[in-house]
2 protein chains.
Amino acid sequence: MRPTKRDELVQRALQAFYRNGFHATGMDKLVAETGISKTSMYKHFRTKEDLILAVLRLRDEHFRNWLYRRMEELADTPRQQLIAMFDALEEWFAEPGYKGCMFIKASSEYQGASHPIHKQCADHKRMLERHITELAEKSGLTDPGAVARQLLLLKEGAIVTAHLGHTDNPAQDAKAAALRVLSTHIG
Amino acid sequence: MRPTKRDELVQRALQAFYRNGFHATGMDKLVAETGISKTSMYKHFRTKEDLILAVLRLRDEHFRNWLYRRMEELADTPRQQLIAMFDALEEWFAEPGYKGCMFIKASSEYQGASHPIHKQCADHKRMLERHITELAEKSGLTDPGAVARQLLLLKEGAIVTAHLGHTDNPAQDAKAAALRVLSTHIG
DNA sequence: CTCAAAGTGTACCGATCGGTACCTCTTGAG
DNA sequence: CTCAAGAGGTACCGATCGGTACACTTTGAG
């Protein structure tokens, strides 16, 4: 198993797409920013769309790993981990290059519900929902599914609000709301 | 005051941009979909960006008018109107052509915080926040600002979740969470 | 009727779009 | 050393991008 050029391409393409958007990042710009020749790119991926799908796959893996790990580092019990999600988000929002959620942006540039990119974004959100639901179950909350969906609404809201930048600390606002949601769902 | 061609152009450009995205909608496509000649467009707007700004101005006016009016139609007291926001959102999500929030999409295609389009999107969200804050004040809630921000996080979350389409009824999930938020903020 | 304002049609500009053809250079296993 | 596989370089394809030039038609107020 070699960890080479192809992965490097996907990695750097991720950064370029995240910074500048999908339609706004042409293949020529990708050549300039990654230092990888266009010929090589099209050896690995048949189309730009295929490359984007690979980029989203990588992003999904990185983001979920990061979030789950950070939630576990920040709190011990499942219930506290649910709350800690918003502290993790606050850290993310504070990063210099923060530009919102890659999946929200991808799904809004490729809007068709049947478009492969759109579907892959929905899959990402579904996997998040499953994990949060499991945590809610372990917390012994009444109606874990509903709690998970409500917490994730707060998460998505905080992500886009942090990107718009019209509010000071959306992560802590979301955390406050999450606490109220959880407190009314004690089993 | 004439209500003519220029407004018609902005109106139809709005629909085209909303359906297909900003970068993905070229000026030639706009000519095809609006039936208005490119020459005329560039008589009214110096650049595509200027046209987009006008489109967003119209969208802001339409959306806020619609939401505020619908909230008042659906409920009598300020407090009930805050909750009714989520019923109004549910109606919006159910519309055939629903494709998410135009401002979230615009700000994620024009990401620079100093970009005029991005700033105008932030302004829209600020105006919403002010109105919701006023309603929270009239409701006699403790810390109306915090309540407003939390409700709006739920609103944004519901909007993107409805667009992703991986969850059945995000508006009602948001409403449930909103009820819990409000119930803990009784003055 | 006159005449300027407003709108149209068409052809075009250089730049960039996603994607391909073709040839060279490197590299590592046999 | 040999030679196929992988990567790079360059030039190019037709289409589309945002934007302009210019000549024409419509229209409404004086």
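Each chain gets a letter, A, B and so on, in the order the sequences are listed, and its residues count up from 1. The figures that follow rest on heavy atoms only: side chains count, while hydrogens, waters and symmetry mates do not.
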Give a yes or no on whether the backbone of [Y] and the side-chain of [X] come within a donor-acceptor separation of less than 3.5 Å.
{"X": "A/Gln120", "Y": "A/Leu53", "answer": "yes"}
{"X": "A/Ser40", "Y": "A/Ile36", "answer": "no"}
{"X": "B/Lys155", "Y": "B/Leu89", "answer": "no"}

In the 5'-to-3' direction, what one-character label does each nucleotide of nucleotides 14-26 of chain C receive under the scheme B = base within less than 4.0 Å of a protein heavy atom, S = sugar-phosphate only, - = no such atom?
---SSBBBB----
Using OP1 and OP2 only, check whether a side-chain N or O of A/His44 sits under 4.0 Å from D/dG6.
no
If you compare every side-chain N and O of B/Ser37 against the phosphate oxygens of C/dT8 (OP1, OP2), does one of them come in below 4.0 Å?
yes
For residues 124-153 of chain B, which residue pairs pass the ring pair (Phe, Tyr, Trp, His ring centres under 6.0 Å) check, not counting sequence neighbours?
B/Phe63-B/His124, B/Tyr68-B/His131, B/Phe103-B/His124
Which pairs with one or both residues in residues 10-23 of chain B pass side chain to side chain donor-acceptor pair (under 3.5 Å), sequence neighbours excluded?
B/Glu8-B/Arg12, B/Arg19-B/Glu33, B/His23-B/Glu109
List in chain and number order the residues that pass salt bridge (Lys or Arg N to Asp or Glu O under 4.0 Å) with B/Arg130, two or more places apart in sequence or in another chain; answer none if no residue qualifies.
none
Quick test of your reading of the model: are [X] and [Y] salt-bridged, counting only N-O distances below 4.0 Å?
{"X": "B/Asp60", "Y": "B/Arg64", "value": "yes"}
{"X": "B/Glu73", "Y": "B/Arg70", "value": "yes"}
{"X": "B/Arg126", "Y": "B/Glu129", "value": "no"}
{"X": "B/Lys125", "Y": "B/Glu156", "value": "yes"}

Interface with DNA chain C, restricted to residues 106-116 of chain B and to heavy atoms under 4.0 Å:
none
Euclidean distance, atom CZ of residue A/Arg6 to atom P of D/dA5 [Å, nearest integer]
19 Å
Axis-to-axis angle across the helix from C/dC1-D/dG30 to C/dG30-D/dC1, five pairs an end, to 10 degrees?
10°
